[in-house]
Peer 1: 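The following block contains the structure, expressed as structure tokens.
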Amino acid sequence: MVSVLFVCLGNICRSPTAEGIFRQKVIAAGLEDKIHIDSAGTSAYHVGEEPDLRSQAEAKRYGYDLSSIRSRKVTSDDYDKFNLLIAMDQSNLNNLKSFNSNSYSHKLKLFLADFAPQLKISEVPDPYYGGAQGFTQVVKLIEQASDGLIEHLQSKGMI
Ligand code: 4NP
């Protein structure tokens with residue numbers, strides 16, 4: 001079993017979108033028994049809340065259901081429990097690095113840069129304070145990086 005934690009700031013926009021999209025792609029590939037998937041935020045701003053309604057609506061438009069996800073903050077246990085902690089942007093990767101010792105650095109990844117380098121955009125932009133187009137971009141970027149992540153796990157023999 002491989003376990004993957006998607007991480008953003010609030011755990012209400014980008015990382016729950018990544019959790020929902022990646023989960024659906026994993027199910028479609030018949031790999032759901034091999035990969036444990038979760039998401040969390042580096043802040044506690046929205047703990048307990050459902051994903052932002054704009055993220056839920058945009059995900060639903062593309063066929064992904066985020067409604068059962070609830071925001072939580074990253075914990076120190078996550079660094080042991082998960083094989084990969086995948087940040088949506090550099091700022092949250094830096095947060096993950098600062099929360100814990102260097103011994104976990106091999107588990108910490110940047111979603112687009114590490115799994116969709118062909119996109120030539122290394123961060124999933126924070127859509128929270130922007131318009132609708134930002135939420136569409138989040139879905140599109142995450143769909144591509146999710147495909148790349150499945151290919152990565154397969155090529156490394158992790159699943
Ligand atoms: P997320 O988006 O990190 O993709 O969940 C944000 C959600 C909330 C805030 C910032 C970003 N906030 O400042 O409350």
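As the structure is a prediction and not an experimental result, all values here were calculated from the model. We count ligands from 1, going down the list as the structure has it; atoms in each ligand are counted the same way.
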Peer 1: Looking only at heavy atoms, is any part of Asn92 under 4.0 Å from ligand 1, and if so is it the side chain, the backbone, or both, or is it neither?
Peer 2: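 The answer is neither; Asn92 stays 4.0 Å or more away.
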Peer 1: List ligand 1 atoms under 4.0 Å from Cys8, heavy atoms only on the residue side.
Peer 2: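 Taking each heavy atom of Cys8 in turn, ligand 1 has 1 (P), 3 (O), 4 (O), 5 (O) under 4.0 Å.
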Peer 1: May I ask you to identify the nearest protein heavy atom to atom 13 (O) of ligand 1, giving residue, atom name and distance to one decimal place in Å?
Peer 2: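 For atom 13 (O) of ligand 1, the nearest protein heavy atom comes out as Tyr129 OH, 3.3 Å.
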Peer 1: Keeping the roles fixed (side chain from Arg14, backbone from Val124), state whether a donor-acceptor pair exists under 3.5 Å.
Peer 2: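 It does hold such a pair.
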Peer 1: Using a 4.0 Å cut-off to any heavy atom of Asp126, which atoms of ligand 1 qualify?
Peer 2: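 Counting from 1, the qualifying ligand atoms are 2 (O), 6 (C), 10 (C), 11 (C).
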Peer 1: Just by distance, no angles: are the side chains of Tyr104 and Asp80 close enough, under 3.5 Å, to form a donor-acceptor pair?
Peer 2: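 Result is yes, a qualifying pair exists.
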Peer 1: Hey, is the main chain of Glu123 close enough, under 3.5 Å, to the side chain of Asp89 for a donor-acceptor pair?
Peer 2: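 The answer is no, because no donor-acceptor pair under 3.5 Å joins these two groups.
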Peer 1: Show the numbers, then the answer: is there a side chain to side chain contact (heavy atoms under 4.5 Å, CB included) between His46 and Tyr128?
Peer 2: CA-CA 12 Å; His46 297 277; Tyr128 190 67; 3.6 Å; yes
Peer 1: Atom 9 (C) of ligand 1: which protein heavy atom is closest, and how many Å away?
Peer 2: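 Sorting protein heavy atoms by distance from atom 9 (C) of ligand 1 puts Tyr128 CD2, 3.6 Å first.
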Peer 1: Could you verify whether a donor N or O on one side chain and an acceptor N or O on the other, from Thr136 and Glu58, lie under 3.5 Å apart?
Peer 2: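 Short answer, yes.
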Peer 1: For His46, is at least one N or O under 3.5 Å away from an N or O on ligand 1?
Peer 2: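 Yes; the residue has a nitrogen or oxygen that sits under 3.5 Å from a nitrogen or oxygen of the ligand.
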Peer 1: Is a salt bridge present between Lys81 and Asp38, judged by a nitrogen-to-oxygen distance below 4.0 Å?
Peer 2: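 So Lys81 does not pair with Asp38 through a salt bridge.
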Peer 1: For ligand 1, which atoms have a heavy atom of Leu9 less than 4.0 angstrom away?
Peer 2: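 Going through ligand 1 atom by atom, the ones under 4.0 Å from Leu9 are 3 (O), 10 (C).
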Peer 1: Can an N or O of Arg14 be found at a distance shorter than 3.5 Å from an N or O of ligand 1?
Peer 2: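 For ligand 1, there is an N or O atom that lies under 3.5 Å from one belonging to Arg14.
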Peer 1: Should you measure from each heavy atom of Gly10, which atoms of ligand 1 turn up under 4.0 Å away?
Peer 2: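 So the answer, numbered in order with elements, is 1 (P), 3 (O), 5 (O).
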Peer 1: For the residue pair Pro51 and Gln56, what are the closest heavy atoms and their distance?
Peer 2: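 That would be O-NE2, 2.9 Å.
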Peer 1: So, is Ile12 polar-close to ligand 1, with some N/O to N/O distance under 3.5 Å?
Peer 2: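 Yes - when backbone and side-chain N and O of Ile12 are compared with those of ligand 1, one distance drops under 3.5 Å.
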Peer 1: What atoms of ligand 1 come within less than 4.0 Å of a heavy atom belonging to Cys13?
Peer 2: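 Per the distance check, 1 (P), 2 (O), 4 (O), 5 (O).
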Peer 1: Could you check whether Arg23 makes a cation-pi contact with Tyr64, meaning its NZ or CZ is under 6.0 Å from the centre of the six-membered ring and within 45° of the ring axis?
Peer 2: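 No, a cation-pi geometry is absent between Arg23 and Tyr64.
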